[in-house]
Amino acid sequence: MFGDVPRLELMAASPGAQELINGIRTSPSSVMRVDPAQKHHGRLAIPAKEGKLVSIGGFGVKFKISGDETNRAFSIVEHHVQPRTLVPPHLHHDTDEYSHVVEGQFGARIGDEILLAGPGDYILKPRGIPHTFWNPTDKVARLVEIISPAGFEKFFAEAGELFMQGPPEFERLGALAAKYNTTLGWNEWVSELTKKYKLKLFG
């Protein structure tokens, strides 16, 4: 019945609609007002060079935005991965990760799917699915990692302290991962991927 009538004309034709529209146009409360006394007490900009950097055996982590700054909604770190380096396969039980490739290339295995991503690409690593990623090139590669909800970034901080004393035993690293509800494993992937892509496991 009203197929040829523009939606705005239908609104204007309805009883009282024009008065409502006029009221919205003239009402002071319809204009967004910002209280000049209201101030944000957190950081509003993070310079490119800012952030503590730790090394985990060929796998660098630069801390950019902490969960404390986002009410634990998410955190952001940067990963600098050395050439031909593989991250141990693992599974997050309550964390999703979203990777944005900034520099170089990354391979990834997520469940049974293997993919290759370059600058500008995104990789989604959902919770509950085992995954790993690696730098298949002869140059350092870099990505930005969004961790949601926040919390797992603290694993990187503690792992960095372990590696300062030398590469820790795998069991000790696994226990630390378990503390952050993450499981290490899928060792058959390691032998398969290192051979196929000429990689070395970080550490």
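Computation of the quantities below employed the complete heavy-atom set of this structure, encompassing side-chain atoms and omitting hydrogens, waters and symmetry-equivalent molecules. Nothing fancy with the numbering, it's 1 onward along the sequence.
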Taking [X] for the side chain and [Y] for the main chain, is one N or O donor matched with an acceptor at less than 3.5 Å?
X: K52; Y: V61; answer: no
X: D121; Y: V101; answer: no
X: N71; Y: A73; answer: no
X: R72; Y: G67; answer: no

Has K200 got more than 12 heavy atoms of other residues, nucleotides or ligands less than 6.0 Å from its NZ? yes

Are there over 12 heavy-atom neighbours, none belonging to E113, within less than 6.0 Å of that residue's CD? no

Could you list the cluster mates of [X]? Members are the ILVMFWY residues connected by side-chain heavy atoms closer than 4.5 Å, either directly or through other members.
X: V140; result: none
X: L53; result: none
X: I65; result: I46, F74, I76, Y98, V102, Y122, L124, V144, I146
X: L116; result: none

Member of K154, E158, E153, H93 meeting the side-chain hydrogen bond (donor to acceptor under 3.5 Å, both in side chains) criterion with Y180: E158

Test applied, side-chain hydrogen bond (donor to acceptor under 3.5 Å, both in side chains); reference residue, E50; option that passes from R43, K62, K64: R43

Anything under 3.5 Å between a donor and an acceptor, one on a side chain of residues 186-195, the other on a protein residue two or more places apart or in another chain? List them.
from, atom 1, to, atom 2, distance (Å)
S191, OG, E188, O, 3.1
T194, OG1, V190, O, 2.6
T194, OG1, S191, O, 3.3

Write down the atom of [X], the atom of [Y], and the distance for their closest heavy-atom approach.
X: W134; Y: I114; value: CH2-CG2, 4.2 Å
X: G107; Y: P136; value: N-CD, 3.9 Å
X: G58; Y: T85; value: O-CG2, 4.1 Å
X: S75; Y: G151; value: OG-N, 4.5 Å
X: R127; Y: S148; value: NH2-O, 3.8 Å
X: I129; Y: H131; value: O-ND1, 3.1 Å

Beyond-backbone contact of [X] with [Y], side-chain heavy atoms, under 4.5 angstrom:
X: V81; Y: L143; value: no
X: R109; Y: P89; value: no
X: T70; Y: P149; value: no

Classify the angle between the aromatic ring planes of H92 and F152 as parallel (below 30°), tilted (30 to 60°) or perpendicular (above 60°). perpendicular

Relative to each other, are the rings of F202 and F163 parallel, tilted or perpendicular (30° and 60° limits)? tilted

Rounded at 0.5 Å granularity, tell me how far [atom1] in [X] sits from [atom2] in [Y].
X: L91; Y: T132; atom1: CG; atom2: OG1; result: 12.0 Å
X: T95; Y: I147; atom1: OG1; atom2: CD1; result: 7.5 Å
X: R142; Y: H100; atom1: CZ; atom2: NE2; result: 10.0 Å
X: F156; Y: F59; atom1: CZ; atom2: CZ; result: 5.0 Å

Name the atoms and distances for all side-chain donor-acceptor pairs under 3.5 Å in residues 166-177, with sequence neighbours left out.
none

